[in-house]
Amino acid sequence: MALQKGRCRLPEILRSRMMKPAEFSRRMGVTESIVSRWISEEREMSFENAVLAARILDCHAEDFYEWIDVKKGKRQ
C-alpha cells in the first residue's frame, strides 16, 4: 500500500481557526503570494514550512493535505 497526496486542506484549516491568509502569511514569514500558491496547489509547502504552519495553526503537518490509500499492483 502507498499514500497519494490529495487536495490541499489549508483553506478550511484557516477558516476553522478564523485566520485570514494575510495574517497566516505574516506569522509564517512568507508573502501572501506564497500562501495563495499553496492554497491553489500551484506550489507545495516544504516540510519545514508545513511543520511551522502546524505549530502556528495547532494541528499536524499531515493535516494540510488529504491522503489517499493507493493499492499497488503485484510485482511481475
What pairs of residues pass the salt bridge (Lys or Arg N to Asp or Glu O under 4.0 Å) test when at least one of them lies in residues 48-69, not counting sequence neighbours? R7-E66
Only distances under 3.5 Å count here; give the side-chain donor-acceptor pairs of residues 19-27 to other protein atoms, sequence neighbours excluded, each with its distance to 0.1 Å.
from : atom 1 : to  : atom 2 : distance (Å)
E23  : OE1    : R26 : NE     : 3.3
E23  : OE1    : R26 : NH2    : 3.4
E23  : OE2    : R26 : NH2    : 2.9
S25  : OG     : P21 : O      : 3.3
S25  : OG     : A22 : O      : 2.9

side-chain contact (heavy atoms from CB on, under 4.5 Å) assessment of V35 paired with V30: CA-CA 7 Å; V35 172; V30 299; 3.8 Å; yes
Kindly work out whether a path of hydrophobic side-chain contacts (I/L/V/M/F/W/Y, heavy atoms less than 4.5 Å apart) joins I34 to I56. yes
Hey, quick one: are F64 and I68 part of the same hydrophobic cluster, counting side-chain heavy atoms closer than 4.5 Å, chains of contacts allowed? no
Are Q4 and W67 close enough that some pair of their side-chain heavy atoms sits under 4.5 Å apart? no
I need the full list of side-chain hydrogen bond (donor to acceptor under 3.5 Å, both in side chains) pairs touching residues 28-37, with sequence neighbours left out, sorted by first then second residue. none
Give, for atom [atom1] of [X] and atom [atom2] of [Y], the distance between the pair rounded to the nearest 0.5 Å.
{"X": "L52", "Y": "S46", "atom1": "CG", "atom2": "OG", "answer": "9.0 Å"}
{"X": "C8", "Y": "E44", "atom1": "SG", "atom2": "CD", "answer": "10.0 Å"}
{"X": "L14", "Y": "I39", "atom1": "CG", "atom2": "CD1", "answer": "5.5 Å"}

Closest non-hydrogen atom pair, [X] against [Y]:
{"X": "C59", "Y": "I13", "value": "SG-CG2, 4.4 Å"}
{"X": "A54", "Y": "A61", "value": "CB-N, 3.6 Å"}
{"X": "L57", "Y": "R17", "value": "O-NE, 2.7 Å"}

Output the rest of the hydrophobic cluster of M18: all Ile, Leu, Val, Met, Phe, Trp and Tyr residues reachable through side-chain heavy-atom contacts under 4.5 Å, sorted by chain and number. none
Could you tell me which residues satisfy side-chain hydrogen bond (donor to acceptor under 3.5 Å, both in side chains) with R9, sequence neighbours excluded, listed by chain and number? E12
Could you please spell out the steps behind the side-chain contact (heavy atoms from CB on, under 4.5 Å) verdict for W38 and M28? CA-CA 13 Å; W38 290 338; M28 285 289 298; 3.9 Å; yes
